[in-house]
**Q** 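First the structure, then my questions, so here it is.
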Amino acid sequence: MKNWDLDYKVIDMHNHMGLEYCLYYPEHDADGMVKAMDESGIELIVSAPCEDLFDGSGKREQITDAMKRYPDRIRGYYSVNPLLGVDINEIERAFKENPGYVGLKLLPDYHRTNLNGEVYEPVFRFANQHKMLVLSHTWGISMNGESCNSADKIADILEKYPDITFLMGHSIQGQVEEAIEIANTFKGAYLDLCDTCRLNGVVEKMVKKAGSEKVIFGTDAPMQGYHFQMGAVIGARISKEEKRNILRDNALGILRRAGCPNC
Ligand SMILES: [Zn+2]
């Protein structure tokens, strides 16, 4: 019989609370998220709500409320949508007012803007100056054939802005080999298992080629569930220590360097 029990709780660094078009799940608000986390052994999520990423209301009420009510369970990414304009003063103000924010979230494919394009420049300058954490969606070639966040563009950004901690959301799916190379080349670059963990053998490959210290756990929850993605790590042919690095310890290190209070 397999014994997959963990003696520690997991941290999910890539999460999108709230509802997304064409998907329904009852546990999508702060209370529901915490309930699902309790059921799955998740201590902390860092979330960029769908409404901040997609609907453009700009109020960010869901995440600011969640961070206030569950300061030890829910932290936030400030989502940057360049189509709505980039206001660095507004970002600074939001971080001051909401200590639960720990980084920025970018979604170039969906906003159809190149990661290394002009529109993101002030964001990366600011993030680099403050040594910030940035989670970006990264993907080789998107469904519409564009490559807004492919490996070449990520390498370009990391060369220009060496002081950011850059989580490669989905580890540039379609270019995972290149993502591993980037993780090896740039100190601040990390591989994210969100969705990509379903590729057979990918966890073992990342650990072997980049080291478990460069791999982080993320889920896209509640759009995608915790159980399968946790199982992809817990069931991987890697050591206990390597699993713990991926599921918890690397995230803690990143959050502490990002100035996360009480992390
Ligand atoms: Zn995502």
Side-chain angles (χ1 to χ4, degrees), residues 10-25 27-29 32-33 36-37 40 42 44-56 60 62-63 66 74-83 101-113 115 120 123 133-144 146-151 153-154 157 165-176 179 189-199 202 206 215-230 232-233 246-247 250-251 254-255 258:
V10 172
I11 299 176
D12 174 8
M13 292 293 286
H14 183 159
N15 185 291
H16 305 296
M17 61 187 301
L19 287 173
E20 164 63 328
Y21 64 93
C22 80
L23 292 171
Y24 174 71
Y25 15 83
E27 287 158 3
H28 59 84
D29 62 1
M33 294 301 289
M37 289 158 66
S40 306
I42 307 278
L44 177 68
I45 58 171
V46 188
S47 195
C50 293
E51 65 178 26
D52 297 353
L53 291 167
F54 296 113
D55 91 354
R60 304 174 192 275
Q62 191 169 44
I63 190 65
I74 301 176
R75 305 277 171 169
Y77 291 109
Y78 183 100
S79 300
V80 176
N81 181 347
L83 302 178
Y101 275 131
V102 295
L104 304 174
K105 162 73 181 175
L106 310 179
L107 197 58
D109 256 346
Y110 291 77
H111 297 148
R112 305 191 71 175
T113 44
L115 184 71
Y120 285 115
V123 181
L133 168 63
V134 178
L135 166 65
S136 178
H137 175 88
T138 68
W139 208 272
I141 308 289
S142 64
M143 275 190 284
N144 57 18
E146 293 174 346
S147 53
C148 292
N149 28 232
S150 50
K153 296 186 169 73
I154 296 159
I157 287 299
T165 297
F166 190 84
L167 309 187
M168 291 181 275
H170 315 294
S171 295
I172 330 181
Q173 204 168 122
Q175 293 186 310
V176 172
Y190 288 81
L191 298 157
D192 162 40
L193 286 174
C194 178
D195 186 69
T196 295
C197 65
R198 66 187 161 79
L199 305 176
V202 77
M206 287 176 176
V215 186
I216 57 142
F217 182 69
T219 65
D220 268 350
M223 276 183 269
Q224 302 205 55
Y226 297 118
H227 297 165
F228 172 78
Q229 299 186 82
M230 285 169 75
V233 179
I246 295 170
L247 292 171
N250 297 340
I254 288 168
L255 288 168

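Because the structure is predicted, anything quoted here is derived from the model rather than measured. Whatever order the structure lists them in is the order used to number ligands and atoms, beginning at 1.
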**Q** Could you check V10 against V233 for side chain to side chain contact (heavy atoms under 4.5 Å, CB included), going step by step and ending with a plain yes or no?
**A** CA-CA 11 Å; V10 172; V233 179; over 6 Å; no

**Q** Answer yes or no on whether R198 is positioned over the face of F228, meaning its NZ or CZ is under 6.0 Å from the six-membered ring centre and within 45° of the axis.
**A**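 No - R198 does not lie over the ring of F228 by the 6.0 Å and 45° rule.
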
**Q** What's the separation between atom CG in L53 and atom NE2 in H111, rounded to the nearest 0.5 Å?
**A**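 So the CG of L53 and the NE2 of H111 are separated by 6.0 Å.
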
**Q** Treating S171 as the side-chain partner and D192 as the backbone partner, does any N or O pair qualify as donor plus acceptor under 3.5 Å?
**A**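 Yes; judged by distance alone, with no hydrogens or angles, the pair exists.
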
**Q** Report the name of the N/O/S atom of D220 located nearest to the Zn ion (ligand 1).
**A**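 The closest N, O or S atom of D220 to the Zn ion (ligand 1) is OD1.
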
**Q** Suppose we only count N/O/S atoms under 2.8 Å; would H137 qualify as near the Zn ion (ligand 1)?
**A**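 Here the distance criterion (N, O or S atom, under 2.8 Å) is not met by H137, so no.
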
**Q** Within the stated cut-off of 2.8 Å, is an N/O/S atom of H16 closer than that to the Zn ion (ligand 1)?
**A**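 Yes - counting backbone and side chain alike, H16 has an N, O or S atom under 2.8 Å.
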
